[in-house]
Amino acid sequence: MKMTFRHYGDGDPVSLEYISQIPGMTGIVSAVYDVPPGCVWPTESIERIKAQAAAHGLAFEVVESVPVHEDIKLGKLTRDKYIEAYCENIRRLGRAGVKCICYNFMPVFDWLRSDLAHKNIDGSTSLIYRHEQVLAMDPAKGGLSLPGWDESYSAEGLAALLEEYAAVDAEALWDNLGYFIRAIMPACEEAGVNMAIHPDDPPYPIFGLPRIITCEENLDRFLALVDSPANSLCLCTGSLGCAKSNDVRKYSAMGRIGFMHIRNVKIMEDGSFEERAHLSSCGSLDIYEIVKALVETGFDGYVRPDHGRMIWGETGKPGYGLF
Ligand code: DNO
């Protein structure tokens with residue numbers, strides 16, 4: 001497996017130089033961050049990331065993420081033009097040597113937490129998710145203060161978007177995902193790029209919006225949409241672990257994991273969870289067994305550490321510190 005580390009570009013407090021000093025590190029996971037969803041990424045921006053990484057002896061073979069425009073998830077008539085832009089990004093990234101693109105299909109929100117800097121007893125901080133606290137919020141009424149999602153929506157824009165989703169239930173979202181995947185596969189095969197879908201995080205519906213990449217049954221259904229290695233999983237142990245249904249060994253043996261996110265969480269009864277250190281004894285997931293399963297099944301895709309805690313006074317992008 002190839003070890004990688006996330007990098008957020010020029011503004012990232014974790015430098016490429018520091019990343020290159022981590023033993024065994026082969027490359028970065030990055031993206032063009034200043035282009036809105038649905039638009040084509042300039043080739044110069046892609047080449048710049050690649051050149052900066054190469055200057056530190058790091059490869060740029062994994063993108064996280066090329067965001068999927070909401071019109072595609074909603075299945076609107078306008079989706080085809082956004083899918084064409086997506087295909088163009090796949091082709092451009094493939095030409096630059098990118099082998100894997102991570103994305104998600106969560107309506108409106110990406111990953112959600114109730115606190116990005118929960119203070120632990122030892123003084124470190126972690127990301128946590130308190131289900132009750134999130135359930136008590138109503139994004140349609142504005143005043144939503146959740147970290148981890150696109151804050152560029154105005155209150156009215158968000159309310160209107162949520163209104164549009166009223167007509168999209170889980171089955172409609174499956175149809176729209178199938179349409180999208182089938183439409184982009186030819187570009188992936190031409191460009192030699194694997195698509196790796198990130199599971200929904202957390203893996204259950206929030207604010208009445210459907211979430212479908214959540215559990216083993218649905219992962220199987222997803223992989224069957226297009227039975228090709230280019231249609232793969234970004235198996236995020238922390239996201240899926242919260243649904244208590246991780247089967248890394250099975251998907252790795254099938255050759256359908258393109259990318260691994262390794263994160264440990266302490267799961268609570270009510271759907272809440274706290275992100276913990278990676279050591280198996282620190283959380284609910286047996287990280288040792290997960291990595292062992294990958295090794296034993298000959299996993300040769302990309303892997304990166306995911307989240308963890310801020311320790312030693314480090315400040316930076318929540319979940320993406322150096323230590
Ligand atoms: C959170 C990340 C996600 C992930 C996207 C992929 O820490 O794992 O934001 O990058 O869901 O599209």
Side-chain angles (χ1 to χ4, degrees), residues 4-9 12 14 28-33 35-38 41 49 62-70 72-73 82 86 89-90 93 98 100-118 125-129 146-152 173 177 180-181 184 193-204 206 209-214 219 222 231-243 246 257-265 273-276 278 285 301-310 316-322:
T4 58
F5 206 86
R6 196 158 192 186
H7 191 250
Y8 280 94
D12 195 327
V14 177
I28 57 159
V29 173
S30 196
V32 173
Y33 291 103
V35 175
W41 292 1
I49 302 174
V62 186
V63 165
E64 183 174 346
S65 309
V66 180
V68 178
H69 194 278
E70 293 300 326
I72 299 176
K73 296 182 228 169
Y82 294 119
Y86 207 99
N89 281 329
I90 293 170
L93 289 165
V98 167
C100 179
I101 296 176
C102 175
Y103 69 105
N104 73 72
F105 215 76
M106 290 176 249
V108 191
F109 304 98
D110 195 321
W111 57 284
L112 287 178
R113 298 291 179 271
S114 50
D115 189 351
L116 295 181
H118 169 74
T125 63
S126 305
L127 285 77
I128 64 165
Y129 176 90
L146 273 175
W149 64 285
D150 184 355
E151 300 192 23
S152 61
L173 195 61
L177 175 57
F180 169 67
I181 288 293
I184 62 170
V193 166
N194 268 3
M195 295 301 297
I197 196 164
H198 190 283
D200 301 346
D201 181 8
Y204 24 81
I206 290 176
L209 294 164
R211 290 194 157 199
I212 56 179
I213 306 300
T214 51
L219 295 184
F222 167 75
N231 179 34
S232 74
L233 304 174
C234 166
L235 205 148
C236 173
T237 60
S239 309
L240 287 170
C242 298
N246 255 324
I257 302 180
F259 190 20
M260 277 298 302
H261 284 182
I262 302 212
R263 181 202 305 168
N264 203 357
V265 282
F273 56 89
E274 291 181 3
E275 299 193 2
R276 292 281 178 88
H278 290 90
L285 305 184
Y302 300 92
V303 59
R304 73 162 178 80
D306 192 47
H307 299 194
R309 303 159 307 142
M310 287 291 179
K317 248 189 133 36
Y320 293 99
L322 178 63

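Atom set for the values below is all heavy atoms of this structure, side chains included, hydrogens, waters and symmetry mates excluded. Treat the numbers as computed from the prediction; the structure is a model and nothing was measured. Throughout, numbering of the chain's residues begins at 1 and tracks the sequence. Remember, it's 1-based here, ligands and their atoms both numbered in the order they're listed.
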Is the distance from the ring center of His261 to that of Phe259 below 6.0 Å?
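His261 vs Phe259: aromatic centres under 6.0 Å.
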Less than 6.0 angstrom separating the ring centers of Phe105 and Phe222, yes or no?
no
Tell me the contacting part of [X] for ligand 1: side chain, backbone, both, or neither, using a 4.0 Å heavy-atom threshold, strictly below.
| X | value |
| --- | --- |
| Arg113 | neither |
| Trp111 | side chain |
| Asp110 | side chain |

Could you check [atom] against the protein and tell me its nearest heavy-atom contact, residue, atom and distance included?
| atom | answer |
| --- | --- |
| atom 6 (C) of ligand 1 | Ser65 OG, 3.0 Å |
| atom 2 (C) of ligand 1 | Tyr320 OH, 3.5 Å |
| atom 10 (O) of ligand 1 | Glu64 OE2, 2.6 Å |
| atom 8 (O) of ligand 1 | His198 NE2, 3.1 Å |

Closest contact, heavy atoms only, [X] versus [Y]:
| X | Y | value |
| --- | --- | --- |
| Pro67 | Tyr86 | O-CE1, 3.5 Å |
| Asp306 | Cys236 | OD2-SG, 3.8 Å |
| His69 | Pro37 | CD2-O, 3.5 Å |

Ignoring angles and geometry beyond distance, decide whether His307 reaches within less than 3.5 Å of ligand 1 through its nitrogen or oxygen atoms.
yes
Please examine the side chains of Glu274 and Asp115, heavy atoms only from C-beta on, and report whether any two atoms are closer than 4.5 Å.
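No, every pair of side-chain atoms sits at 4.5 Å or beyond.
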Any heavy atom of Cys102 closer to ligand 1 than 4.0 angstrom?
yes
